[in-house]
J.: 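Next up is a structure, given as structure tokens.
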Amino acid sequence: MYALVDCNNFYASCERIFNPGLIGKPICILSNNDGVIISRSDEAKDLGITMGQPAFFIKELIADNNVYVFSSNYALYGDMSQRVMDTLVQFTPTIEIYSIDEAFLSFKGLEYYDLQAHGQTIRETVKRNTGIPVCVGIAPTKTLAKIANRLAKKRMENKGVFVISTASEIEDALTSTNISDVWGIGSQYAEFLNRHGINTALDYAKAPEAWVKKYLSVVGLRTRNELSGIPCIAFEDQVEDKKNIATTRSFGDIQTEIGPISEAVATFAGACAEKLRKQHTCASTLTVFIHTNQFRTQDKQYARNRVMQFPVATNSSLELIKYAQIGLKSIFKKGYKYKKAGVIVSGLVPDSQVSGTLFDEVNRSAHKRLMTALDEINTTFGREKVRVASQGFDRSWKLRQERLSPNYTTKWNEILTINV
DNA sequence: TCTGGGGTCCTAGGACCC
DNA sequence: TCTGGGGTCCTAGGACCC
């Protein structure tokens with residue numbers, strides 16, 4: 001059996017913990033650049049605010065209903081996530097941290113006679129230790145645990161825990177789940193399946209295997225079989241190295257000159273380099289891209305990317321920045337209003353297995369010492385204390401974050417003070 | 001009349017997730 | 001005025017090889 005523990009309205013709940021005046025009030029969290037809604041409290045959901053909605057579309061709704069709106073504060077959410085996961089680890093040694101706000105727990109080898117009660121214990125412990133409300137779904141496969149979690153959230157009479165175990169419980173759960181609500185079935189597949197008369201999870205579980213494989217590939221087939229209670233999706237409790245690393249951002253304001261964009265791209269490349277060094281890998285390929293604002297159809301549109309292969313895989317900020325800026329230069333064209341840029345590194349290899357070339361022109365050991373020093377300083381004194389000059393200082397491109405809450409848990413000078 | 005066949009590697013694109 | 005960011009996996013098709 002697996003449990004899926006999923007935090008309720010995670011970002012909104014994080015904001016609420018440190019600002020109890022927000023309890024019972026509608027709260028929304030915005031994406032980077034204060035663009036779209038990415039988390040809502042139940043009260044905000046009741047107002048009809050949906051995921052992914054551009055904030056400026058619902059300006060009036062927000063004003064009329066006194067909705068509290070926050071920029072996303074990832075330092076805070078990341079820290080709270082860590083606390084939740086630390087609590088969950090106490091319940092089982094095998095845990096798969098699936099995202100910032102959810103984790104699968106495996107109960108393999110553990111005997112629980114009352115899964116409902118066990119789920120309650122997990123739920124109450126997380127709430128007591130962290131203040132974050134969670135729901136727990138328990139079932140024989142990960143896909144069914146997802147469904148169980150959804151039902152736990154929907155059916156309040158179950159007090160946040162829902163168990164799917166017997167054949168008839170599976171059938172009941174599948175009957176009351178729309179195909180579009182199944183984990184692994186996105187909007188494209190849902191529409192396709194609806195066209196073929198498959199509307200519920202139960203319909204899908206009964207669809208012929210060969211047909212499913214033909215049109216939804218082996219991924220869709222795994223999902224189908226998981227719905228019948230056959231585990232097909234591996235439980236991944238080992239943290240694997242990432243295979244691609246990206247840093248991409250929209251600009252706070254439109255950019256038309258190469259100067260600020262070049263600084264932005266240098267900063268993104270530097271961020272990728274840091275992430276590479278953190279997981280001890282080097283990249284063999286770098287992609288840099290820029291594009292205009294696709295929503296402004298009245299503007300001329302332009303989008304390009306450039307892929308560059310390195311002679312020797314690297315995680316040096318200096319090298320990655322150099323390549324990113326060369327790449328940018330080759331795709332930048334004057335006369336467009338640029339909205340977004342990004343750097344993606346791939347072809348990652350462990351840094352211990354980097355093979356050099358005979359004519360390597362880079363002093364790798366010097367780079368390595370410099371990067372180690374840079375990482376140490378930035379770890380000790382805070383992010384980006386030391387920067388590569390080409391990353392710029394005025395930063396006219398930086399994103400908007402107008403409604404940021406304090407870093408209650410990660411910065412001493414922003415810690416919560418209580419007057420007694 | 002008949003035009004080799006099978007394997008591997010790589011990439012682009014499309015689907016999905018939170 | 002204002003529309004996110006960071007990932008994964010699979011498949012099809014082309015290049016290449018023997």
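Within every chain, numbering begins at 1; the chains are lettered A, B, ... in the order of the sequence lines, protein sequences first and strands thereafter.
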J.: List every contact pair, protein side and nucleotides 10-13 of chain C side both N or O, where the distance is under 3.5 Å.
T.:
residue : atom : partner  : partner atom : Å
C:dC10  : OP1  : A:Arg222 : NH2          : 3.1

J.: So if I take residues 258-274 of chain A and measure heavy-atom distances to DNA chain C, which residues fall below 4.0 Å?
T.: none
J.: Please, what dot-bracket string fits DNA chain C when only Watson-Crick and G-U pairs with both distances under 3.5 Å count, crossing ones use [ ] and pairs to another strand use |?
T.: ....||||||||||||||
J.: Taking only heavy atoms on the protein side, list every residue of residues 38-55 of chain A lying under 4.0 Å from any atom of DNA chain C, sorted numerically.
T.: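 Residues of residues 38-55 of chain A that come under 4.0 Å of DNA chain C are, in numerical order, A:Pro54.
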J.: Taking for each residue the nucleotide of DNA chain C with the nearest heavy atom, is it A:Thr247 or A:Gly35 whose nucleotide lies nearer the 5' end?
T.: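 Taking each residue's closest nucleotide, the earlier one in sequence belongs to A:Gly35.
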J.: Which of residues 173-198 of chain A have a heavy atom under 4.0 Å from DNA chain B?
T.: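 When residues 173-198 of chain A is checked for heavy atoms under 4.0 Å from DNA chain B, the hits, listed by number, are A:Val182, A:Trp183, A:Gly184, A:Ile185, A:Gly186, A:Ser187, A:Gln188, A:Tyr189.
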J.: Given the structure, check if the side chain of A:Lys339 and the base of C:dT3 hold any donor-acceptor pair shorter than 3.5 Å.
T.: no
J.: Inspect the contact between A:Glu15 and A:Lys25 and indicate whether a charged nitrogen and a carboxylate oxygen are less than 4.0 angstrom apart.
T.: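 Answer for the salt bridge query: no.
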J.: Could you give the distance separating B:dG4 and C:dC16 at their C1' atoms, to the nearest angstrom?
T.: 16 Å
J.: Is a side-chain donor or acceptor of A:Lys275 paired with a backbone partner of A:Ala246 at a separation under 3.5 angstrom?
T.: yes
J.: Looking at A:Lys146 and A:Glu102, is any side-chain nitrogen of the basic one under 4.0 Å from a carboxylate oxygen of the acidic one?
T.: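 A salt bridge is present here (some side-chain N lies under 4.0 Å from a carboxylate O).
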J.: Who are the ring-ring contact (aromatic ring centres under 6.0 Å, His included) partners of A:Tyr2, not counting sequence neighbours?
T.: A:Phe235
J.: With a 3.5 Å cut-off and no angle check, do the side chains of A:Tyr323 and A:Gln309 form a donor-acceptor pair?
T.: no
J.: Show me the donor-acceptor pairs, under 3.5 Å and distance only, between side chains in residues 29-37 of chain A and residues at least two apart or in other chains.
T.:
residue : atom : partner  : partner atom : Å
A:Ser31 : OG   : A:Gly35  : N            : 3.3
A:Ser31 : OG   : A:Val36  : N            : 2.9
A:Asn33 : OD1  : A:Arg400 : N            : 2.8
A:Asn33 : ND2  : A:Phe251 : O            : 3.1
A:Asp34 : OD1  : A:Ser71  : OG           : 2.7
A:Asp34 : OD2  : A:Ser71  : OG           : 3.4
A:Asp34 : OD2  : A:Glu402 : N            : 2.8

J.: Holding to side-chain contact (heavy atoms from CB on, under 4.5 Å), I want the full list of residues that pass it with A:Thr409, two or more places apart in sequence or in another chain.
T.: A:Phe18, A:Leu76, A:Asp79, A:Met80, A:Arg83
J.: Give me the residues of residues 290-297 of chain A where at least one heavy atom lies under 4.0 Å from an atom of DNA chain B, by number, or none.
T.: none
J.: Enumerate the residues from residues 303-337 of chain A whose closest heavy atom to DNA chain B is under 4.0 Å, giving them by residue number; use none for an empty result.
T.: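 DNA chain B contact set from residues 303-337 of chain A: none.
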J.: With the threshold set at under 4.0 Å for non-hydrogen atoms, list the residues of residues 72-106 of chain A touching DNA chain B in residue-number order.
T.: A:Tyr98, A:Ser99, A:Asp101, A:Glu102
J.: Could you list by number each residue of residues 238-245 of chain A showing a heavy-atom separation from DNA chain C of less than 4.0 Å, or answer none if no residue does?
T.: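 Heavy-atom contacts with DNA chain C come from A:Lys242, A:Lys243, A:Asn244, A:Ile245.
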J.: Checking all strands, does A:Asn32 fall into the base, sugar-phosphate, or nothing category for heavy-atom contacts under 4.0 angstrom?
T.: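 Touches sugar-phosphate only.
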J.: Please tell me which of the listed nucleotides, B:dC18, C:dG6, C:dG4, lies nearest to the side chain of A:Lys146?
T.: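 When the side chain of A:Lys146 is considered, B:dC18 is the closest of B:dC18, C:dG6, C:dG4.
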J.: Distance check, rounded to the nearest 0.5 Å: A:Thr200 atom OG1 versus A:Leu227 atom CG?
T.: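 Between atom OG1 of A:Thr200 and atom CG of A:Leu227 there are 9.5 Å.
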